[in-house]
Amino acid sequence: MFEVKNIKDTALVDNPVIERMSQYNHEQLLFCNDNATGLKAIIAVHNTTLGPALGGTRMWAYNNELEALNDVLRLSRGMTYKNSISGLNLGGGKAVIIGDSRKDKSEALFRRFGKFVNSLGGKYITAEDVGISPQDMTWVNMETDHVVGLPGKSGDPSPVTAYGVYMGMKAAAKVRFGSDSLSGKKVAVQGVGHVGEYLVAHLTKEGAEVFISDIHEDTLKAVAQKYGAKVVDLDEIYEIDMDIYAPCALGATVNDDTLSKLKCSIIAGAANNQLRDEAVHGLAVKDRDILYVPDFMLNAGGVINCYAEVKGLSADWAMTKAEEIYNRTIDILYRSSEEGIPTYKIANAMAEERIQSMGQVKLPL
Ligand code: NAD
């Protein structure tokens, strides 16, 4: 079921949709168009073995439809793995709306999108992602109940995400340095937005020496002042003397260029898809003796928070569940070292094993 089909590039060009779906065994795609509101969106359901597919909606000005298709396929698969390894009874899905989030939003567009989500009858549950605000989701919610992360409900998932990242970072420190204390450790946090700022708060409280970068000067200054963190330039962050690199901005920052500069012992951050090429850079970090904590396992606090809303569980339950990331990190890092396998592969296998074994469960009639 999880075998990756090796598809020739020519086949992908000739059959851009179904062949791409079959590569990672996606279940369903819904292409959404509405001329009146300008809505152009794709909803991807990757796998529903464990439950309804939950994953956010991203609004982004993609250069073309193929870019949007690739993004939604990759992100929805990531949600299947994240939900599985976190022990949630949720499948993986994601949606993308093609458009500029600063110019193309309207109530009508989001309500039309909500109707498309509703047409899937609960197979896909949506939430916020990049470019989407709580207000947008309130409009989606006017047309469907299959939405989480609404204002007044489980709210901003970032504090829970940051707490899970902090827990996993401490666990990695225990494995690497023999103690999980981050006091005196040099930690570079790249991107101090929602998650990054909460992470900086945990780190400075514990006495870590924190370095930060961000493309927005005002955000950077405010966080530096509030927590006494040291500001570094955007590119300098890869080169500074540090113990831990915490990518909390964009994906793909662990690549050939940065790996030649990074002098850290641990990579542990909130960003999705940190390894530019999973197979290449997942192995490269191991070869350089850097402990890479798999991103989809580490940053699951946000979806744990959403799950609490779906199931009517408390905020305390979500924090306790996010704390499990500590032991899961230890487990993955030890298994990686004992078996000589890169950490990303161990995490992928753990996620796949749970889906496969739960797929065997036949509920009694
Ligand atoms: P955010 O947009 O609030 O913060 C990202 C920050 O990164 C912004 O301040 C932005 O200015 C900065 N940034 C962008 N490019 C940068 C660069 N090249 N160098 C330095 N800084 C840069 O987003 P967020 O909600 O804090 O999420 C951060 C990351 O974590 C994203 O990759 C997101 O997908 C992932 N994530 C977030 C959550 C969550 O609960 N919010 C959950 C799981 C994963």
Side-chain angles (χ1 to χ4, degrees), residues 54-60 71-72 74-76 78-79 81-83 85-86 88 92 94 96 101-102 127-134 137 148-149 154-169 188-202 210-224 226 229 231-240 245-255 257-258 267-276 293-309 315 318-319 321-322 325:
L54 190 145
T57 297
R58 176 169 292 194
M59 187 164 188
W60 194 256
D71 207 26
V72 80
R74 191 179 53 94
L75 291 166
S76 56
M79 289 308 301
Y81 280 67
K82 187 182 303 205
N83 293 334
I85 203 166
S86 307
L88 308 178
K94 203 89 181 182
V96 295
S101 63
R102 284 158 299 177
E128 284 168 38
D129 193 61
V130 175
I132 300 289
S133 71
M137 278 297 141
V148 287
S154 68
D156 179 10
S158 309
V160 190
T161 305
Y163 184 61
V165 171
Y166 171 61
M167 284 290 116
M169 193 184 280
V189 181
Q190 180 182 44
V192 284
H194 287 95
V195 182
E197 180 175 350
Y198 285 111
L199 181 62
V200 169
H202 286 297
V210 181
F211 301 84
I212 56 173
S213 72
D214 201 289
I215 50 172
H216 291 126
E217 275 298 315
D218 47 345
T219 311
L220 198 56
K221 272 193 191 144
V223 174
K226 195 166 165 190
V231 170
V232 292
D233 286 344
L234 290 178
D235 286 333
E236 197 192 346
I237 194 147
Y238 301 113
E239 307 195 38
I240 58 171
Y245 167 53
C248 294
L250 304 175
T253 62
V254 180
N255 53 53
D257 287 347
T258 59
I267 298 176
N272 284 308
N273 303 313
Q274 291 166 24
L275 304 171
R276 177 169 287 163
V293 186
D295 48 17
F296 69 83
M297 185 280 302
L298 187 64
N299 69 16
V303 77
I304 288 171
N305 200 54
C306 290
Y307 185 72
E309 186 178 326
M319 290 304 261
K321 190 81 182 157
I325 290 171

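In listed order, ligands and their atoms are each counted from 1.
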Residues forming a salt bridge (charged side-chain N to carboxylate O under 4.0 Å, His left out) with R58, sequence neighbours excluded: D71, D129
By salt bridge (charged side-chain N to carboxylate O under 4.0 Å, His left out) - contacts of K221 (at least two apart): none
If you look at each N/O of ligand 1, which protein N/O atoms lie under 3.5 Å away, and at what distance?
{"unit_1": "ligand 1", "atom_1": "3 (O)", "unit_2": "H194", "atom_2": "N", "d": "2.9"}
{"unit_1": "ligand 1", "atom_1": "3 (O)", "unit_2": "H194", "atom_2": "ND1", "d": "2.6"}
{"unit_1": "ligand 1", "atom_1": "9 (O)", "unit_2": "D214", "atom_2": "OD1", "d": "3.3"}
{"unit_1": "ligand 1", "atom_1": "9 (O)", "unit_2": "D214", "atom_2": "OD2", "d": "2.7"}
{"unit_1": "ligand 1", "atom_1": "11 (O)", "unit_2": "D214", "atom_2": "OD1", "d": "2.6"}
{"unit_1": "ligand 1", "atom_1": "11 (O)", "unit_2": "H216", "atom_2": "ND1", "d": "3.0"}
{"unit_1": "ligand 1", "atom_1": "26 (O)", "unit_2": "H194", "atom_2": "N", "d": "3.1"}
{"unit_1": "ligand 1", "atom_1": "26 (O)", "unit_2": "V195", "atom_2": "N", "d": "2.8"}
{"unit_1": "ligand 1", "atom_1": "30 (O)", "unit_2": "A270", "atom_2": "O", "d": "3.2"}
{"unit_1": "ligand 1", "atom_1": "32 (O)", "unit_2": "A249", "atom_2": "O", "d": "2.7"}
{"unit_1": "ligand 1", "atom_1": "34 (O)", "unit_2": "N272", "atom_2": "ND2", "d": "3.1"}
{"unit_1": "ligand 1", "atom_1": "40 (O)", "unit_2": "T161", "atom_2": "OG1", "d": "2.6"}
{"unit_1": "ligand 1", "atom_1": "41 (N)", "unit_2": "S158", "atom_2": "OG", "d": "3.4"}

Verdict with supporting geometry, H202 and M169, side-chain contact (heavy atoms from CB on, under 4.5 Å): CA-CA 11 Å; H202 286 297; M169 193 184 280; over 6 Å; no
Any T219 side-chain heavy atom under 4.5 Å of E197 side chain: no
Donor-acceptor pair between Y245 and T258 side chains, under 3.5 angstrom: no
Test salt bridge (charged side-chain N to carboxylate O under 4.0 Å, His left out) applied to E128 - qualifying residues, sequence neighbours left out: none
